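Heads up, the thing below is written out as structure tokens.
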Amino acid sequence: MSAVKRMTLGGGRSNLFDIQPLKKFRAPERNVEMASTQVIPTEGDWEVVGRPGLPWSNGRLRLEANPDLVPVRARGSSSDPGVFFNLARTSPQVQTALRDFVASLTSAPWRIERPTLKAWHVGDPAAERALEKQWRLSQYMWSEWKAEGASRGLFRWLGDMLTYAYICGFYLGEHIAAPQALDLGDGTQDYMIFDLPEHRAPWSIVEWYLQQEKPVGVKQRTSYSRDYVMAGMDNMSGVETVIPWWKLHHFTLADSGPSDLEGTSALRPAYVALKAIQIISQIQGLAIERDGLGTWVAEAADVNFPPDEEEAERLEHHFEHSKAEHLPWIRSERYRVRIESPNDSIPDLTGIRAMYERDVALSLSQEHRMIGLHQHGSFAARESASEDARDSYDLPASRLGKSLEAIFGIALEANFEEDFARGYKFIPEVKWAQVETRSNLQYAQWLQLLTAAGHIQPGPEIESVLRKAGDLPPRGGQVS
């Protein structure tokens, strides 16, 4: 068996694979010759020689320099959700950025378009029949995913994918399917109908299994407490299981290579600034709690008759344990109490906090929010910042579409294995509306001016371009 490298995150061992140390690799003489001389490569020379080359060491990926944010601590392990998840639940800046990000992408109109025959399939009746059956099955699954009351509706599933990839660095789900009788045009038959993947919490993944930097499975550990206790059973329980990679759906918004399974959290560049804002809030909160009404100072009424030792200790104890809402007043003829302004005792960290908030806004693409909150910058600057933020959603929207197409590919191959073996692969294309705001009125007025000036003439080609610009399906095209 070839050597297998295991990425251990939570300790423990698994007997699923025969774990052996990797032997030193020595390039074949043929490859050395090719590298040093000008030769004509043969068929065997195009086989894989290298690897992704990410910095692995003792089963860990050494990309994170901050010891507080190594994968286990950053995205959690077992019953600990991790640093980033806790930040996302407590930071208003992160909540705002996450809400904008998820809402913009999940609320966009998503649809699938019927695939077309490749040029080499035109005129092939078998290819046409395969296309029709695969398209009908795709339509059925798509309608089930988007149906109201679905256990894992499309938009909720997209929200889960985006949320966990944004916060923890990656999303992991398990493919599930069940047989169902359908008539796709050639009589009623049993088909495996795939539901959207079931979510697996990032912090429940304690081990990644890799073979030559290619994932082959994961080890999951779940921890939970039962709501009831049965005879002979402990109330606390946990389950460990190994899930093969072919049964998993993995998604990241950003990563450093094919074997970077942890991905990169969107909170990583904002981590230092977010922690600084938390510390500043704690300092200001404690200062306000202690001296929000000012600092109380006791002075002897007559320097010749100061308070005795017992009275001084009582006064000192009262001041030490009092808070802003308490009235530290103890009547005595020996001293008088005055209040100093709270400005002299509460630090003003507004400027420092604003600096860190700007860093967070830049890290989370929320500059447009900062312009609005601080009431500075022209309207054009605010509009430009908003457009830039929307433009940053185009790439994750594209990755979401490809992720959905991958699920269709798995489902169609499981049901039409013979067709796929013959090259009849007809996976629908997932389309979404562009995540942007454009004035359709201004666009229509611009087209009217071009038409009146005679620069464009209505026709099929112009209609096709306008439909694409308006994110409309082609004339006569089938969409779902």
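Values below: all heavy atoms of this structure, side chains included; hydrogens, waters and symmetry mates excluded. What you see is a predicted model; the values in this text were computed from it and never measured.
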Sequence neighbours excluded, the answer for side chain to side chain contact (heavy atoms under 4.5 Å, CB included) partners of L98 is V102, T163, Y166, I167
Distance-only donor-acceptor check, side chains E207 and Y209, under 3.5 Å
yes
Is the backbone of G217 close enough, under 3.5 Å, to the side chain of W246 for a donor and an acceptor to pair up by distance?
no
Side chain R136, main chain L184, donor-acceptor under 3.5 Å
yes
What class does the angle between the rings of H175 and F194 fall in, given that below 30° is parallel, 30 to 60° is tilted and above 60° is perpendicular?
perpendicular
Can you give me the closest heavy-atom contact between P396 and L105, atom names plus distance?
CB-CD1, 4.1 Å
Using a 3.5 Å distance criterion without hydrogens, assess whether the side chain of S204 forms a donor-acceptor pair with backbone atoms of A201.
yes
For M355, check side chain to side chain contact (heavy atoms under 4.5 Å, CB included) against everything at least two apart and list the hits.
I352, R358
Do any N or O atoms from the side chain of S281 and from the backbone of I277 form a donor-acceptor pair under 3.5 angstrom?
yes
Does NZ in K214 sit with more than 12 non-hydrogen atoms of other residues, nucleotides or ligands closer than 6.0 Å?
no
Is Y271 close to D68 at the side-chain level, that is, under 4.5 Å between some pair of heavy atoms?
yes
Sidechain-backbone polar pair: S104 side chain, F101 backbone, donor-acceptor under 3.5 Å:
no
When you measure from the side chain of T90 to the backbone N and O of N86, does any donor-acceptor pair fall under 3.5 Å?
yes
Classify the ring geometry between Y171 and W157 as parallel (under 30°), tilted (30 to 60°) or perpendicular (over 60°).
perpendicular
Please report the C-alpha distance between F170 and E262 in whole Å, then the side-chain angles of each, then the deciding distance to 0.1 Å, and finally whether the side chain to side chain contact (heavy atoms under 4.5 Å, CB included) criterion is met.
CA-CA 6 Å; F170 71 92; E262 294 286 348; 3.5 Å; yes
Heavy-atom distance under 4.5 Å between the side chains of P179 and I193, does that happen here?
no
Would you kindly say whether Y424 and Q134 are connected by a side-chain donor-acceptor distance under 3.5 Å?
no
Does M192 offer a backbone N or O that forms a donor-acceptor pair with the side chain of N415 under 3.5 Å?
yes
Rounded to the nearest 0.5 Å, how far apart are CE of M161 and CZ of R399?
10.5 Å
For D255, is there an ion pair with R268 - N to carboxylate O distance below 4.0 angstrom?
no
Any ion pair linking E429 and R111 (charged N to carboxylate O, less than 4.0 Å)?
no
Are the side chains of W432 and P109 in touch, meaning some heavy atoms are under 4.5 Å apart?
no
Would you sort out whether H121 and F426 count as a ring-ring contact (aromatic ring centres under 6.0 Å, His included), showing the intermediate values?
CA-CA 11 Å; H121 288 150; F426 302 107; 5.7 Å; yes
Report the relative orientation of the aromatic rings in W145 and F408; use parallel for angles under 30°, tilted for 30 to 60°, perpendicular for over 60°.
tilted
Would you confirm whether E405, through its side chain, and V430, through its main-chain N or O, come within 3.5 Å as a donor-acceptor pair?
yes
Suppose we screen for side-chain hydrogen bond (donor to acceptor under 3.5 Å, both in side chains). Which residues come up paired with R200, at least two apart in sequence or across chains?
E174, E198
